[in-house]
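See below for the structure under consideration.
Worth knowing before you read on, the calculation uses all heavy atoms, side chains too, and leaves out hydrogens, waters and symmetry mates.
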Amino acid sequence: MALIRKRRLTEQQQRRIQKQHKTRQEEIDTSNDLEGLVVQHYGRQLEVQALSTPAQHPQKPIVQAGEPEPFWKPIEIGSVWRCHTRTNLELLVTGDKVKWQADPNTGLGIITAIHPRTSLLTRPDRYHKVKPVAANISLIVIVFAPLPEPAPTLIDRYLVACADANIPVLLVLNKSDLLKDSDPILDLIKEYQDLGYEVLITQSEGDISELKQRLDNETVAFVGQSGVGKSTLINVIVPDAEQKTNIISENSALGQHTTTSTRLIRFGENGALIDSPGIREFGLWHLSLEKIDAGFPEISNLIGHCQYRNCTHTHEKQCAVKKAVDDGEILARRLESYLRLIEEITDAQQKN
């Protein structure tokens with residue numbers, strides 16, 4: 001079989017292609033740009049909610065007697081449009097604020113520009129690439145429940161990711177009606193409270209007025225294991241959210257994935273809720289060791305105080321971190337979670 005070689009472009013050809021690409025982009029008239037908010041992502045297409053209307057609205061075609069009524073979608077505040085993006089834009093995600101143009105004749109639009117982001121939540125995907133999840137988030141709500149049984153190591157991973165993104169965190173224990181007397185999860189709550197994290201206790205079907213008040217005027221991302229009630233909480237907070245919910249599998253006691261794409265739902269006058277697909281494992285291999293340290297503030301405060309500069313905090317005698325664990329100043333499980341992440345990051349760096 002003959003070997004087919006890929007033809008290489010000359011520098012002149014590359015410059016000509018780039019020039020043509022730039023010309024095509026500049027041909028788009030941006031004078032009619034509108035303000036919009038990306039509310040959901042569908043591969044190459046996105047749903048954009050209109051935040052402004054044109055100074056001069058397009059005129060609806062006049063229909064002559066006997067002619068069929070043509071398709072026409074008026075541009076209104078709050079209306080949602082399926083949009084493509086200009087090819088020179090970076091990957092857009094739910095929560096991005098954008099400039100876009102609408103075509104009432106087709107009901108479609110095109111995104112022409114993106115506003116600077118105030119924050120970006122990312123996570124690695126199965127192909128070991130860093131994937132953006134949502135943008136412009138002002139608060140991350142980590143939801144857990146008595147069932148499925150909470151995984152403290154997963155919560156710790158979320159906290160590291162939040163620290164890396166510099167986004168405040170609220171821990172929410174949901175389905176509190178399933179709690180039993182002296183439930184170990186109550187000790188877990190106190191542990192995080194003692195570390196300085198904000199915690200609220202809710203019931204999916206109960207009174208969540210305290211949670212609604214806390215979320216007012218915030219752009220909130222909900223994360224947590226599948227089945228902990230994220231979508232159900234959103235349905236209670238925003239009754240018309242129409243989020244799909246599911247029940248816990250009695251056989252596996254694990255949540256069934258019901259949210260398949262990250263979706264933004266407007267809440268109140270200035271707030272928004274973002275529901276992301278359930279994540280049972282949250283890889284952090286793309287972070288540096290220093291960023292892992294920052295996700296464990298009680299441990300990072302002692303880094304550098306050990307006898308040995310390269311202390312591993314596992315077997316050394318003069319280890320400030322291990323001593324803090326022995327003295328009850330640091331939780332043993334938190335150190336174990338920290339060391340597991342350090343080992344994970346180190347192994348990933350060595351493989352690369």
Side-chain angles (χ1 to χ4, degrees), residues 139-163 167-215 220-237 243 245-259 273 275-284 295-299 324-325 328-341:
L139 179 69
I140 292 180
V141 176
I142 302 174
V143 185
F144 56 106
L147 187 68
E149 185 177 349
T153 54
L154 178 59
I155 296 175
D156 289 341
R157 286 172 177 264
Y158 281 128
L159 293 175
V160 171
C162 295
I167 302 175
V169 178
L170 170 66
L171 294 170
V172 172
L173 169 62
N174 194 29
K175 302 183 181 180
S176 59
D177 50 301
L178 299 181
L179 286 174
K180 301 177 182 178
D181 293 339
S182 302
D183 197 308
I185 199 172
L186 297 175
D187 296 329
L188 183 66
I189 290 176
K190 188 176 186 309
E191 290 174 359
Y192 283 117
Q193 287 177 320
D194 290 343
L195 289 171
Y197 293 106
E198 184 181 6
V199 178
L200 282 180
I201 301 177
T202 63
Q203 296 182 31
S204 296
E205 306 296 337
D207 181 13
I208 59 169
S209 56
E210 185 178 3
L211 177 61
K212 292 176 67 174
Q213 183 177 359
R214 175 64 183 86
L215 304 185
V220 186
F222 280 75
V223 298
Q225 292 172 273
S226 296
V228 295
K230 300 186 300 295
S231 296
T232 302
L233 279 176
I234 291 177
N235 282 335
V236 177
I237 297 171
Q243 291 292 86
T245 59
N246 211 328
I247 60 173
I248 302 298
S249 168
E250 295 180 356
N251 295 328
S252 65
L254 293 175
Q256 300 179 27
H257 292 274
T258 55
T259 304
L273 306 178
D275 189 16
S276 68
I279 305 170
R280 289 181 181 143
E281 293 185 5
F282 204 92
L284 300 172
F296 292 83
E298 75 276 29
I299 295 176
V325 172
E329 298 172 1
I330 292 178
L331 295 170
R333 73 153 190 86
R334 284 277 288 178
L335 176 57
E336 181 181 349
S337 180
Y338 166 80
L339 293 175
R340 185 180 303 174
L341 283 176

(request) Kindly indicate, with the supporting measurements, whether the criterion side chain to side chain contact (heavy atoms under 4.5 Å, CB included) is fulfilled by Leu171 and Glu198. (result) CA-CA 6 Å; Leu171 294 170; Glu198 184 181 6; over 6 Å; no

- Task: Applying side chain to side chain contact (heavy atoms under 4.5 Å, CB included), run through Leu188 and Leu173 and close with a yes or a no.
- Result: CA-CA 10 Å; Leu188 183 66; Leu173 169 62; over 6 Å; no

message: With side chain to side chain contact (heavy atoms under 4.5 Å, CB included) as the criterion, how do Val223 and Val141 come out once you've worked through the C-alpha distance, each side chain's angles and the decisive distance to 0.1 Å?
response: CA-CA 6 Å; Val223 298; Val141 176; over 6 Å; no

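Ser176 places no side-chain N or O within 3.5 Å of a backbone atom of Ile201 that could act as its donor or acceptor partner. For the pair Lys230 (side chain) and Gly224 (backbone), a donor-acceptor distance under 3.5 Å is present.
Between Pro152 and Tyr192, the shortest heavy-atom distance links the atoms O-OH, 3.4 Å. Pairing each heavy atom of Pro150 with each of Ala145, the nearest pair is CD-O, 3.2 Å. Residues Ser226 and Pro148 share a closest heavy-atom pair of O-CG, 3.5 Å. Between Gln193 and Val199, the shortest heavy-atom distance links the atoms CG-CG2, 3.6 Å. Residues Ser337 and Asp156 share a closest heavy-atom pair of OG-OD2, 3.1 Å. Shown here for Gly295 and Val160, the closest heavy-atom pair between the two residues is CA-CG2, 3.9 Å.
Residues Val169 and Tyr158 form no side-chain contact, since every pair of their non-hydrogen atoms from C-beta on lies 4.5 Å or further apart. Side-chain contact between Ile167 and Leu139: absent, with no pair of heavy atoms (C-beta onward) separated by less than 4.5 Å. Using a 4.5 Å cut-off on side-chain heavy atoms (C-beta onward), Leu170 and Leu211 make contact. Contact of the Phe222 side chain with the Leu215 side chain is registered, since non-hydrogen atoms from C-beta on lie closer than 4.5 Å.
Checking Asn174, Leu154, Ile185 one by one against Phe144, the side chain to side chain contact (heavy atoms under 4.5 Å, CB included) holds for a single residue, Ile185.
For the pair Glu210 and Arg214, the salt-bridge criterion is not met [side-chain N within less than 4.0 Å of a carboxylate O].
Note that CG of Leu335 is 4.5 Å distant from CG of Leu339, once rounded to the nearest 0.5 Å. In this structure, CD1 in Ile208 is found 10.5 Å from CG in Leu200, a value given to the nearest 0.5 Å. Here Leu195 contributes atom CG and Lys190 contributes atom NZ; the two are 10.0 Å apart, rounded to the nearest 0.5 Å. In this structure, NZ in Lys175 is found 7.0 Å from OG1 in Thr232, a value given to the nearest 0.5 Å. Atom CD of residue Gln225 and atom CD of residue Glu149 lie 9.0 Å apart, to the nearest 0.5 angstrom. For the atom pair CD1 (Ile142) and CD1 (Ile140), the distance works out to 7.0 Å, reported to the nearest 0.5 Å.
Qualifying side chain to side chain contact (heavy atoms under 4.5 Å, CB included) partners for Leu331, counting only residues two or more places apart in sequence or in other chains: Glu191, Arg333, Arg334.
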